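First up is the structure itself, then whatever we jot down about it.
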Amino acid sequence: MRRVILESPYAGDVERNVAYARACLADSLARGEAPIASHLLYTQPGVLDDSKPGERAHGIAAGLAWKSVADAQVFYVDLGWSNGMCAAAGAVPFEAVECRRLGGEWAA
């Protein structure tokens with residue numbers, strides 16, 4: 001399976017963004033990929049608090065650590081580019097970067 005780092009917005013309208021990220025995970029899995037969405041995993045209750053800058057930075061760094069074993073970094077952009085997505089895109093150069101849209105209910 002192709003291992004992908006999934007990037008989508010989280011901060012802001014968290015409820016909407018979590019629903020979108022789940023739809024992105026489903027899309028990636030349907031493509032036969034093995035996605036990791038660290039922004040969904042690390043922000044669960046009792047893990048890291050995204051509203052605390054230090055914990056947010058720790059979560060972003062932990063997610064970026066997966067680049068060394070990933071086959072691609074995939075940005076789902078129906079809802080635009082968040083600050084976290086921009087930081088992930090610029091943090092460490094990565095050869096296999098893709099942008100995707102789900103369309104449908106998520107179309108801008």
Side-chain angles (χ1 to χ4, degrees):
M1 290 182 119
R2 185 170 181 241
R3 295 167 296 201
V4 301
I5 298 170
L6 190 149
E7 307 283 3
S8 67
Y10 180 81
D13 187 343
V14 174
E15 186 175 328
R16 176 198 65 171
N17 292 343
V18 166
Y20 178 68
R22 288 178 177 158
C24 296
L25 276 171
D27 178 71
S28 180
L29 287 164
R31 294 169 183 257
E33 298 170 336
I36 176 95
S38 61
H39 56 302
L40 290 182
L41 179 62
Y42 301 151
T43 57
Q44 294 181 61
V47 182
L48 293 174
D49 184 342
D50 195 62
S51 68
K52 296 179 179 177
E55 291 190 27
R56 177 177 172 78
H58 186 90
I60 290 172
L64 293 174
W66 285 95
K67 281 189 173 185
S68 65
V69 296
D71 298 308
Q73 185 176 23
V74 178
F75 292 83
Y76 281 86
V77 297
D78 295 277
L79 303 180
W81 287 78
S82 67
N83 289 338
M85 291 169 68
C86 291
V92 179
F94 198 65
E95 291 180 20
V97 173
E98 299 173 23
C99 290
R100 294 181 183 165
R101 294 182 184 277
L102 296 178
E105 67 181 286
W106 301 108

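In this text, all values refer to a predicted model and were calculated from it rather than measured experimentally.
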message: I need the M85 CE to C99 SG distance, nearest 0.5 Å.
response: 7.5 Å
field: I60 CD1 to S38 OG distance, which is reported to the nearest 0.5 Å
entry: 8.5 Å
message: Can you tell me how far apart CZ (R3) and CD1 (I36) are? Round to the nearest 0.5 Å.
response: 12.0 Å
- request: Would you indicate whether the side-chain heavy atoms of Y76 and S28 approach each other to under 4.5 Å?
  value: yes
- request: Please name all residues satisfying side-chain hydrogen bond (donor to acceptor under 3.5 Å, both in side chains) with N17, sequence neighbours left out, ordered by chain then number.
  value: none
- request: Could you list the residues that satisfy ring pair (Phe, Tyr, Trp, His ring centres under 6.0 Å) with W81, not counting sequence neighbours?
  value: F75
field: Residues in side-chain hydrogen bond (donor to acceptor under 3.5 Å, both in side chains) contact with D49, at least two apart in sequence or another chain
entry: S51
task: Check the pair R2 / D71 against salt bridge (Lys or Arg N to Asp or Glu O under 4.0 Å), numbers first and verdict last.
output: CA-CA 6 Å; R2 185 170 181 241; D71 298 308; 5.7 Å; no
- request: Could you list all the side chain to side chain donor-acceptor pair (under 3.5 Å) pairs where at least one residue sits in residues 54-64, not counting sequence neighbours?
  value: D50-R56
- request: Take atom CZ of R31 as the centre, draw a 6.0 Å sphere, and report whether it contains more than 12 heavy atoms from other residues, nucleotides or ligands.
  value: yes
query: Hey, does P35 have a side-chain heavy atom less than 4.5 Å from the side chain of V74?
result: no
- request: Hey, could you give me the CG/CE distance between L29 and M1, rounded to the nearest 0.5 Å?
  value: 6.5 Å
query: If you round to the nearest 0.5 Å, how far is CG of D78 from CD of E105?
result: 10.0 Å
message: Can you pull out every salt bridge (Lys or Arg N to Asp or Glu O under 4.0 Å) where at least one residue sits in residues 38-48? Sequence neighbours excluded, please.
response: none
statement: Hits for side-chain contact (heavy atoms from CB on, under 4.5 Å) against Q44, two or more places apart or cross-chain, chain-then-number order -> L41, V47
query: Looking at CG of L79 and OG of S8, how far apart are the two atoms once the value is rounded to the nearest 0.5 Å?
result: 8.0 Å
task: Only counting residues at least two apart or in another chain, list the ones meeting salt bridge (charged side-chain N to carboxylate O under 4.0 Å, His left out) with R100.
output: E33, E98
- line: On a heavy-atom basis, the closest approach of I5 and G63 is CD1-O, 4.4 Å
- line: Across all chains, not counting sequence neighbours, the side-chain contact (heavy atoms from CB on, under 4.5 Å) partners of N83 are none
message: I need the full list of ring pair (Phe, Tyr, Trp, His ring centres under 6.0 Å) pairs touching residues 1-30, with sequence neighbours left out, sorted by first then second residue.
response: Y20-W106
